[in-house]
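Numbers restart at 1 for each chain; the letters A, B, ... are given by sequence-line order, proteins then strands. No hydrogens, no waters, no symmetry mates; every other heavy atom, side chains included, goes into these values.
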Amino acid sequence: MKGILQNKPFLYILTGLIVAMIPLVTDMDRSTLTMLNLIVIYAIVAIGFNILLGYAGQISLGHAAFMGLGAYISAYFTSNFELPFLASLLLAGVIPMVVGLILGLVALRLEGHYLAIATLGFGVALQQTFKEWIGFTNGFSGARAVTPEIFGFALREREHFFVLVVIVCVLLILFAHNLLSSKTGRALIAMRDSEHAAQAMGVSLFKYKLIAFALSTFYAGIGGSLYVHLIRFTEPNQWGIDVSLNLLAMVVIGGLASIPGSVLGAAFIVFIPEFVKDIEWLQNIKNVASIFTGVALVLVILFFPYGLARISTQIKASLLKRQKQPIPKEMEG
Amino acid sequence: MRNYSKKGLSLAFIFVLLFSMTACSGEKSTSGKAKEKEKVELAQGVTKDSVKIGTIGVQSGALAFIGTPYFEGMEAYLNKVNDDGGVNGRKIELVKKDDEFKPDKAVQAMESLVYDDKVFAVVGQLGTPGVMATESIVKDEGIPAVYFGSGAKQLTKSGENFFPVQPNYYYEGKLMAKYAVEEFKAKNVVVIYQNDDVGRDGVEGFAEGLKELGKSGLLKEEGKLAVGAADTDFTVPVQKAKSLNPDVVIVYSLAGATTGILKEFEKVNFNVPMITTYSNADASFLALAAPGAPNVIENLHVMGWVDAKPEKLKPLMDAMAKYFPNQKVINAYTMAGWVAAETFVAGLKEAGDNLSWEGYIKAMNGLTFTDGLAPEISYVKGKREGVTKMALSKVTKNDKGAFIFELKTDYTEFK
Amino acid sequence: MEPILQVENLSISFGGLKAIDDLSLSVEKGSIYGLIGPNGAGKTTVFNCISRFYTADQGKLTFQGNVNLLNYKVHQMVDIGLVRTFQNVELFKNLTVLENLIIGQHSMTKGGFFAQGLRLPSVKREEKRIRDKALEIMDFLGIRGIEHLPGAAQPYGVMKLIELGRALMSDPKMIILDEPAAGMNHSETQTLTDLIKKIRDKFEVTILLVEHDMNLVMEVCEKICVINFGKKIAEGTPNEIQNHPAVQEAYLGKEDEVHA
Amino acid sequence: MVEFFQNVIAGLETGSLYALAALGLVLIYRTSDVINFAQGEMAMFSSFIAFTLFQQTMSYPVAFLGAIVFAVVLGFLVERIFIRPASKATLVSKMIITLGLIMIFNGLASAIFGIDMHPFRKALTMDNMTIGEVIIQPNAIFIISITLVIMAILFYMIKNTLMGIAIRATAQNETTAKLMGVPVSKVYSLSWIIATVLGAIAGVLIAPTTNVSTTMMAEVHLKSFIAAVLGGFGSFVGPVVGGFVIGVFDNLVGYYISLQWKTVIVYALLIIILIVKPTGLFGKVHRKKV
């Protein structure tokens, strides 16, 4: 029994099962359900992004554009060519992945902050392309997407759509988990920890940086496709730097190199602003949600630098060696 | 940790099975829900002494400067109506939702208004992305939606329950073409437009207007100059405009970019008649733009669809002073919000006690409203164009040396 | 005995400064070969050239008689059987000890991208194989029991052993050790001396090492090359080197305390 | 040709503001290893202070100085409260803190100052000059020269004063600097203060163009990043040149190639330059130590 509970894939599936069931057995507001859907969708993108940032140690500040690309592709192919939803979902993953490979090539030449800004520029340029390539994106009038149908069953209700996104999420989690606990995962972490040693052990930086970018943009594209079929609309302004920064925040708040962390982080970033907005006595302050999210971000970094997913481990560790503070005080010079 | 057993696979299988089961049961529950809806649909959000309505728009973030005055205008009008006893004894209750100008938030907001708060109507939803994203919900549910704070042109064709008021940018562009040709006798026009949903619809409408007037030659392809809303340097478009030697310049951008463009005009001393959009037709725009361009601003003409004569504006000014005494900024957005509420209430009065959605839509279909800030709003015979009559005002200095708008033309339609 | 590695006329300079100047050496198969020299003599640079981190300005590097190392990239070194360690132990701090070792088998680990993602039976078998192999090597090195602890949280000496184990995992024909005894105390160094010999015998590898600790070098190496200012000043058996006048002058003479 | 010069001069004017902001970014990055994404928002806050003071006193110098004094305090506090406690955090974590600061400052600014745009006056309001047919605003000359003067002072300080040496030492190697007795914590405070002041100056000077609003710095901020990357984070000259290059290039592409595709072209070029010279135009490429 204990063995099963330590089997992570099993736990992922079990959790997914329970989560997918919740809306079906409880009576939830439709808008709350939409939010739950969004959380899972962002979780998918965050997991991909975590592979890139948390495992491979490569930063990107332009990932929102890949999510947008996935959204546009899926909207375009389902509406204009009546491509079945599942096929367009796959396409919405694959095409951003190919574009992501180009970004990966850039990453081969750049490090750290230079990479951050280059990816930021890449994202802005891609977003600008959404604005100008009207034939494909319909410009600012926005692209519409149909309600997805799977084997003839239309996912019109939020509860059903939720089951779909949870299944996709669980499948992608399992894939990521398997991959990350095999050769590829070890190579990515090795590359992050020490590029030299990784190379000396036969890890090709070329190959694994490209893999990391390809995987993360694939996940982003899938997330984008699910997003656009949930909201059934998208427009270029959505896929700007603020969403990219949110993705980054999700991964760091949740915990770098942690799959459950990515999910937690997504939930945190999507849910907190909504939660704050509903607190009545705060409503007179303009932008209180933004201030609150900002403060939360800072506090998490300062006090839980390993992310929400590792809070319990962190507390345990600090209890064990109480003399050692989790955040060492800075030495005065 | 890594003894992934066959259990995993078999569980995945069970998972899929469960999914298909729950999917079926889910379907049952929804059809139940649908029935429930039918029962209350007659007057969702209406009681004998209240009508609950909802609105969605940006109230935080970068674009809050639009939403804040807009919703104040709306609330000022509704407060006034409520303080005067409401409509047929019913007080109007407004539920505001912030969508941060994001489609997904707008969808959530619309869902909670329609399904959770169960409002009677959606009034004055603001922001093109949100309006577009929620269009399908409004259409599917058939809930009356009055006034869209959006210049998107397809709203005129969205359906019976859509009641646009504010003219769309495309139409305004067409009307600008008419003014350029008929008022200014233009031979050579340049359009500087904000490169987003606002400006692009405007420039498209302008070109279409010229075409319909048989004057396509007035605007050349190189005469369409894009600017960004957040640009910090307007030298290039203004240099280009100047080099084309136009006799009229259309400045189709919102306040921020427009002030930047005017300053650049001032810098290079480029004096040519300009026409800008109704979004800039208010005193706060002048307060923003005039200091940096005191000379060229007198060349500026602005489109207007609300009657901004002081006597017409008095109720608005009084209500704002009463309910929002700290607000100094009263601008085109405030007026827009005011008109949104005004139009909805006009329909509510018309509908009397027949407050089903069908009843309200029927009442609106018979409405031609001329008592408000807008010169005329009519939905008779399925008309859904919103306001079509607009007039041109010019910036001038009054006796005290302050810049004001002076009405130059009658309210006219395109053809 | 045939040479496994031949370095011919190797030169490299950084910003006009010659770090290695026309260096040639030849390492015999199955031998333990030492490269010594005073600080800044260019020893590690030689290593970096051989392991392809640096590309030499000129010179030839031949491995196993016919493999031109210049045709290979850093990460391909393990494929042809050449593996190295680092001066300041470079373990992967976010991997466990076991995983650190397993990385050594990276190039030889079978299983495609999708096979891994779907965790096909072949991947599971492969994971088991490399895991067993890693455990075997840990047994050999005497560091069993810490498999699941973080690699970077071990005592320094243990980290050195882990790094050695990682190198052994790649089924190398030749191991290049960059100051294996640095930071070790006397008894640890003694153990290391025995270990290096044991490794050579058990795994049938050639060992090339750079070292400061003269005791270790003299005791373990069969042939030694001394360089100074990037140039070879002597080559021979420990005995020959100890008595070589140029070496004494350049190196040993100044650092008598090393002998003490 | 007139248009060409007109575009170049305007490009230099906006470019110098990008340069000021970029210099602030690089200063902070070099000393405390943080990329300050909140620099734009902090500058916006300072500009609001200048605007408010100007409203009260109607004196431009007072408003300008007030903004600078505020920036000094702000820079000091931000470093002390937010950055220093995280000094042991990873680079990405520090970056995220500054992202959090964006949200906090932007939210606070609209809560305190409201969300409306306000006009703001130029530093110099004299009549335009003309050279040939090229129109030159005294204000533009003022902006370009004040930028160059500030840079000169900064370069001088960094090269020749004790504090400058301390900053450079800390930038090179924090631990060694500490061991050598450099007051590293003072250096951190100082670099944040200087950087925030530089941002504030850029904000007050751009305000006449963008108006004072919570979003006024969006474009300048983004461009300052590009300027810093283009010139290279490794030097203090690079970002300045980078700023000028971006300002001018932006206009020339807009004028001679395409206004719509300008952004895409500029960013594509940035990426290409980075690929060719990964450490920026002025960055030195080091052989990596193994």
Side-chain angles (χ1 to χ4, degrees), chain A residues 53 57 59 61 103 105-106 108-129 131-132 195-196 200 241-242 245-246 248-249 251-253 256 285-302 305 327-333, chain D residues 29 35 37 82 84-97 99-111 114-115 174 177-178 181-187 214 222 225-226 228-229 232-233 260-261 263-268 270-271 274-276 278-280 283 288 290:
Chain A
L53 181 66
I59 196 161
L61 296 181
L103 194 60
L105 288 173
V106 174
L108 284 171
R109 294 277 296 162
L110 301 176
E111 282 180 346
H113 300 104
Y114 291 98
L115 181 61
I117 311 247
T119 51
L120 188 140
F122 196 92
V124 173
L126 205 54
Q127 189 193 13
Q128 198 67 28
T129 310
K131 292 178 186 172
E132 300 295 340
E195 286 198 355
H196 294 138
I241 179 169
D242 45 340
L245 297 186
N246 270 349
L248 189 75
V251 167
V252 174
I253 286 184
L256 285 170
I285 308 171
K286 282 243 170 308
N287 283 345
V288 64
S290 148
I291 300 175
F292 195 91
T293 315
V295 171
L297 250 177
V298 173
L299 290 181
V300 167
I301 299 283
L302 289 183
I327 301 129
K329 285 237 170 73
E330 212 238 347
M331 288 186 295
E332 291 295 319
Chain D
Y29 169 69
I35 290 258
F37 277 90
F82 294 102
R84 191 165 298 186
S87 60
K88 292 287 175 291
T90 62
L91 289 184
V92 176
S93 297
K94 287 188 205 163
M95 201 152 101
I96 307 261
I97 288 184
L99 297 179
L101 289 178
I102 293 184
M103 297 180 187
I104 296 173
F105 285 130
N106 201 296
L108 281 180
S110 43
I115 29 70
E174 188 203 314
K178 258 185 202 164
V182 172
V184 172
S185 71
K186 268 189 202 151
V187 169
T214 50
L222 205 60
F225 271 118
I226 299 174
V229 169
F233 274 97
Q260 279 104 315
W261 289 94
T263 316
V264 176
I265 294 170
V266 170
Y267 283 96
L270 166 83
I271 293 172
L274 277 180
I275 291 172
V276 179
T279 49
K288 270 185 232 160
V290 181

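- Within a 6.0 Å sphere centred on CZ of A/F292, heavy atoms belonging to other residues, nucleotides or ligands number 12 at most.
- D/V276 touches chain A through its backbone: at least one of N, CA, C or O sits under 4.5 Å from a heavy atom, while the side chain does not.
- Interface residue D/L222: only side-chain heavy atoms are found under 4.5 Å from chain A.
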Report task. May I have the step-by-step check of side chain to side chain contact (heavy atoms under 4.5 Å, CB included) for D/L101 and D/F37, ending in yes or no? Result -> CA-CA 8 Å; D/L101 289 178; D/F37 277 90; over 6 Å; no
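- If you measure heavy-atom distances from A/L61 to chain D, the contacts under 4.5 Å come from the side chain alone.
- For a residue to count as touching a neighbouring chain, one of its non-hydrogen atoms must lie under 4.5 Å from one of that chain's; by this rule A/V124 touches chain D with the side chain only.
- Annotation: the span from D/I96 atom CD1 to A/I301 atom CD1 amounts to 5.5 Å, rounded to 0.5 Å.
- In terms of heavy-atom proximity, D/V264 sits nearest to A/A125 at CG2-O, 3.7 Å.
- Heavy-atom distances place both the backbone and the side chain of D/I275 under 4.5 Å from chain A.
- In this structure, CZ on A/R109 lies 14.0 Å from CD1 on D/I271, to the nearest 0.5 angstrom.
- Atom OH of residue D/Y29 and atom CE of residue D/M95 lie 11.0 Å apart, to the nearest 0.5 angstrom.
- In terms of heavy-atom pairs under 4.5 Å with chain A, the best-connected choice from D/L270, D/N106, D/I104 is D/I104.
- For A/I59, the part sitting under 4.5 Å from any heavy atom of chain D is the side chain, from C-beta outward, and nothing else.
- Contact annotation for A/L108: neither backbone nor side-chain heavy atoms come within less than 4.5 Å of a heavy atom of chain D.
- With a threshold of 4.5 angstrom between heavy atoms, A/F122 approaches chain D through its backbone and through its side chain.
- Here the straight-line distance linking atom CD of A/Q127 with atom OG1 of A/T129 works out to 9.5 Å at 0.5 Å rounding.
- Heavy-atom distances place no part of D/F105 under 4.5 Å from chain A, backbone and side chain included.
- Only the side chain of A/L120 has a heavy atom closer than 4.5 Å to any heavy atom of chain D.
- Of the inter-residue distances, the one linking A/L53 atom CG with A/L256 atom CG reads 5.0 Å to the nearest 0.5 angstrom.
- Here A/L248 is the residue among A/I253, A/L248, A/I241 with the most heavy-atom pairs under 4.5 Å with chain D.
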